[in-house]
Student: 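The structure follows.
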Protein chains: 2
Amino acid sequence: MPRPATSKDVARLAGVSQTTVSYVLRGTGRISPQTRRRVEEACETLHYRPNLAAQSMRTGRTGRLAILTATPGISPGGLLSAAAAATVAVAERYAPEIRVVAVEPELRAESVHDVLGSGSFEGILSFIPLDLEHDPTRARVVVMSEAFDDQMRVTDERIGAQPVRRLMSGLAARGHRRFLHLAGDLEYLSARKRRDAYLAAVAELGLTDLGVHECGWSGERTLEVVRSIGPDLDLEGVAVVAANDILASAAIRGLLERGVRVPDHAVVTGWDDMPTSAFQVPALTTVGVDFAAFGAWAMRTLIARVRDEPEPADPGELQRIHWRESTGDVPEGAPHPPTSG
Amino acid sequence: MPRPATSKDVARLAGVSQTTVSYVLRGTGRISPQTRRRVEEACETLHYRPNLAAQSMRTGRTGRLAILTATPGISPGGLLSAAAAATVAVAERYAPEIRVVAVEPELRAESVHDVLGSGSFEGILSFIPLDLEHDPTRARVVVMSEAFDDQMRVTDERIGAQPVRRLMSGLAARGHRRFLHLAGDLEYLSARKRRDAYLAAVAELGLTDLGVHECGWSGERTLEVVRSIGPDLDLEGVAVVAANDILASAAIRGLLERGVRVPDHAVVTGWDDMPTSAFQVPALTTVGVDFAAFGAWAMRTLIARVRDEPEPADPGELQRIHWRESTGDVPEGAPHPPTSG
DNA sequence: CGTCATTGAGCCTTTCATATC
DNA sequence: CGATATGAAAGGCTCAATGAC
C-alpha cells in the first residue's frame, strides 16, 4: 500500500518548492500561470489530497462540526434533520459529522467529553443536554435540547410540548371531557414534557384525567397497558393522548380488542407524523415537526456562531397538528374510506 | 477564551519534560510512580486533553472510522444499525462518525472523495456503493451495499431481496395467483433489487404479473397510483407486494377507497417492519431486518480489517418475514381484533 | 549496569521573511 | 523595484537514542 502523496511529492514532481505548492493550493500569494499549471498537473497525477491533520495543526482550524445525538432512531424526522443540516454546512465548506453518544449516563459523559475536549471540532450542535461546566472546549456550541436554557425559548416554542395543549383544547371543543395519557419513556425529557403539558392542560381546561400510563416508546408495552386499563372503566367517549404515533397505533388496536372503535367510540392522538400515519386506517391525528427546517436552522445558527456572524432569524412555526380520522376529522382532499362494513 | 492546555503546559506544571508527559499518557516507557502522579495531577488541573491532530500526524493513526450513508431517514432500522455499530467500536477505542453524503450523484462523488482522500479515517464502513477505482485512501474499507462485489454474498443473503421470493411463494401457497408490485424509488438499488426479485419470482412460480408501479418512497404517490390503476381491473384476490411499509399502508388505504378490503378481498405485503406495522389494522405482513445485528457485525468486520485480524463469522439469518393480518394471517398471541362491523 | 528522565528529530502544512531575476 | 519563488519556523505530539544517577 503506497503512502499517500504529500505536498513535498507534488513539489518534487512539479520542480518547484513545497511552499509554492501550498500557495497554489491556498490560492494566496503571487504565482505565475505556468507554475500554477505545473503544480495542478502534479497534484492530479499523484492524486494528491492535503493532509487535514497537518493543515489543522498549522491553522488551528479543522472545518469539522459535530452533531451530537443519542438516538438516531427514535424520532423519525430527528436524524433527517441532521441530514438537512449537513446540506447547509457542506455548502459552506464545513464537514458535519454525526456522533452518536451512549445512552447510559456514565458512558455518555465520557463520549461527550471526548468530543468537546478533543479540539477536533470548530462547532458542536447538540441535540442532547450538555454539561458545559468546565467548558473544556474552544468550540462554539449550540444546544438544541428542551433541557437547555441557552436556546430554551426557541426549542420550547418550536419543537416543544405546547401542541399538547392545543391538541387537548381542540378535543375539548369536539366535546371530549375524559382524557388518558400514554406517556413515552420518562427517562426522556420530551416524554416528561409532554406528560407535564398534558397534566397542565387537564387542570387549565377543567378536564378529567383518567390516568397517565408510561409505555416506554414501545407498541408492545402500550398494548399491554391498554388491555389492562381498569376493566370496568367506561372507555366510551374517552380521548387518548399518546406520546407518539407508535403508541397511538398500538392504543387504537388495544381499544379495538376491547370493542372500542376509533373514532366512533373513542379518539386517539399521536405525535411525530410518521410516514405511515396519514395512511393508516384510521389516519392518525398527530403533531408533525418540520425537523428538516429545524435542523437546517440549527446548523445555520451554529455556523454563524462559529464565524462570529449574526445569527439567523427565528425559524417560525415548525410544529403543526394534523387533524385526521383518529379524532373523527376528515382530512382535506382524501375521500373518507369506508372504515367499517 | 483561553487556549487549550498542551502537553508542554502540563510538563511545566508538573516540573518534568514534555516527553515524560507523553510517556505517562501513552503508558509506555519507564516512569516512577511519583512522577506519574505529578503528571496526572497536572493534567487534571489543566483539564488537559491531547491534541488529536498532532497525535495523528505523528503516529499516522487517527482512531476515526467513518460510516457512510446517504439516507439516515429512509430505512427505519438503517441508522439504528450505525448506532449499534458505534457501541462495538467505542468499546475498542475507535471513534465512529456518521457522514451523510449527498444524494445527487455529482455532489456525492465529491463528498465521498473527501472522506476517502482526507486521510482522516482508518476505516470506512459504507452503506452506499463506492467507486474505489483510484483508491485514494489508505483506509480499510468495508462496503455493505447490495451493489458491491466485495461483500455481495453476505449482503445479498442477509439483507438482500430474497425474501421477496419467499414472500411470494408463501402467498402462492395461500392461493394467490395475480400479483402487483409497488416499487420504491428506482434510483435506489434496493428498490431495483426488490423489483427484479419480484419479476423473477413471478416467472419462476408461474404467477400473473398485473404490473409494476414506481411509487418513489412516498405514501402520497402510492395513493395516487392505487387510485389510478386500471379502473376496470378486477382487484379481487390480488396480492400487492409493496417495496416498504409506507407504500403498503398507503396501498391498503387506496384499496379501501376502491371498496377492496384487506385482507378479505386482496392482500398486501410491506418491508421494514416499522415500529407501527405490527399494530396497524390490519397489521402488516412485512420483512423485518435486524439492522442492529447487521450494523454491529459490519462494524466488527471493519475493525478486524483495520487491525489485520481475522474477520468475524457470518452473522446468520437477519431477515424474517412476519406474516400478519394484511395477508390474512393471525399473529401468534395477539387476539384478532374485530376489523369490521 | 539497571532505572528513570531528557534531548532532538520528524510528521505535513502554512506563512512570514528573504532571495532572485 | 515589481513580480515570483524559496527557506525556515512553528504547531503538538511520539519515539529512538542518549544522559544522569
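First the proteins, then the strands, lettered A, B, ... as listed; each starts at 1.
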Student: Can you give me the closest heavy-atom contact between B:Thr6 and B:Tyr48, atom names plus distance?
Tutor: C-CE1, 3.4 Å
Student: For B:Trp297 and B:Ala313, which heavy atoms make the closest approach, and how far apart are they?
Tutor: NE1-O, 3.0 Å
Student: Name the atoms and distances for all side-chain donor-acceptor pairs under 3.5 Å in residues 18-28 of chain A, with sequence neighbours left out.
Tutor:
residue : atom : partner : partner atom : Å
A:Gln18 : NE2  : A:Ser7  : OG           : 2.8
A:Thr20 : OG1  : A:Ser17 : OG           : 3.0

Student: Determine, stepwise, if the pair A:Arg158 / A:Asp314 fulfils side-chain contact (heavy atoms from CB on, under 4.5 Å).
Tutor: CA-CA 9 Å; A:Arg158 300 306 173 208; A:Asp314 188 292; 2.8 Å; yes
Student: Would you tell me if any nitrogen or oxygen in the side chain of B:Ser32 comes within less than 4.0 Å of OP1 or OP2 on C:dA5?
Tutor: yes
Student: So does B:Asp308 pair up with B:Arg140, basic N to acidic O under 4.0 Å?
Tutor: yes
Student: Round to the nearest Å and state the distance from B:Ile31 atom CD1 to D:dT14 atom P.
Tutor: 13 Å
Student: Starting at atom CG of A:Leu52, determine the distance to atom C1' of C:dC12, rounded to an integer number of angstrom.
Tutor: 11 Å
Student: For a side chain to side chain contact (heavy atoms under 4.5 Å, CB included) with A:Leu65, tell me which candidate from A:Val306, A:Ile124, A:Val142 qualifies.
Tutor: A:Val306
Student: Parallel, tilted or perpendicular: which describes the rings of A:Phe294 and A:Phe127, with under 30° parallel and over 60° perpendicular?
Tutor: tilted
Student: Could you identify which residues of residues 9-20 of chain B place a heavy atom less than 4.0 Å from some atom of DNA chain D, listed by residue number, or say none?
Tutor: B:Gln18, B:Thr19
Student: Would you say B:Ser22 reaches D:dC13's phosphate, i.e. side-chain N/O to OP1/OP2 under 4.0 Å?
Tutor: no
Student: Tell me whether the OP1 or OP2 atom of D:dC13 has a side-chain N or O from B:Ser7 closer than 4.0 Å.
Tutor: yes
Student: Can you check the B:Arg36 CZ to C:dT3 P distance for me, whole Å?
Tutor: 15 Å
Student: C:dC4 phosphate, OP1 or OP2: any side-chain N/O from B:Thr35 under 4.0 angstrom?
Tutor: no
Student: Given atom CZ of A:Arg26 and atom C1' of D:dA5, what is their separation to the nearest angstrom?
Tutor: 18 Å
Student: When you measure only distances, ignoring hydrogens and angles, does the side chain of A:Arg58 come within 3.5 Å of the base of C:dT13 through a donor and an acceptor?
Tutor: no
Student: Please tell me which of the listed nucleotides, C:dT13, D:dT14, D:dC13, lies nearest to the side chain of A:Tyr48?
Tutor: C:dT13
Student: At how many degrees, to 10°, do the end axes of the helix from C:dG2-D:dC21 to C:dC21-D:dG2 meet when each uses five pairs?
Tutor: 70°
Student: Whole angstroms only, please: what is the CG-P distance between A:Leu25 and C:dT15?
Tutor: 12 Å
Student: Going by modelled atom types, is there a donor-acceptor pair between the base of D:dA16 and the side chain of B:Tyr23 at under 3.5 Å?
Tutor: yes
Student: Against B:Glu122, only a single residue in B:Arg64, B:Arg61, B:Arg307, B:Arg305 fulfils side chain to side chain donor-acceptor pair (under 3.5 Å); can you say which?
Tutor: B:Arg61
Student: Between A:Gln55 and C:dT14, is there a side-chain N or O to OP1/OP2 distance below 4.0 Å?
Tutor: yes
Student: What closest approach, in Å, do A:Pro4 and A:Asp9 show between heavy atoms, and which atom pair accounts for it?
Tutor: O-OD2, 4.2 Å
Student: Measuring from B:Arg58:CZ to B:Asn51:CG, what's the distance to the nearest 0.5 Å?
Tutor: 14.5 Å
Student: In whole angstrom, give the distance that lies between atom CZ of A:Arg49 and atom P of C:dT13.
Tutor: 12 Å
Student: When you check the phosphate oxygens OP1 and OP2 of D:dA3, does a side-chain N or O of A:Arg30 lie under 4.0 Å from one of them?
Tutor: no
Student: Rounded to whole angstroms, how far apart are CE on A:Met57 and C1' on C:dC11?
Tutor: 8 Å
Student: Nearest whole angstrom, please: distance from the P of D:dG12 to the CZ of B:Arg61.
Tutor: 22 Å
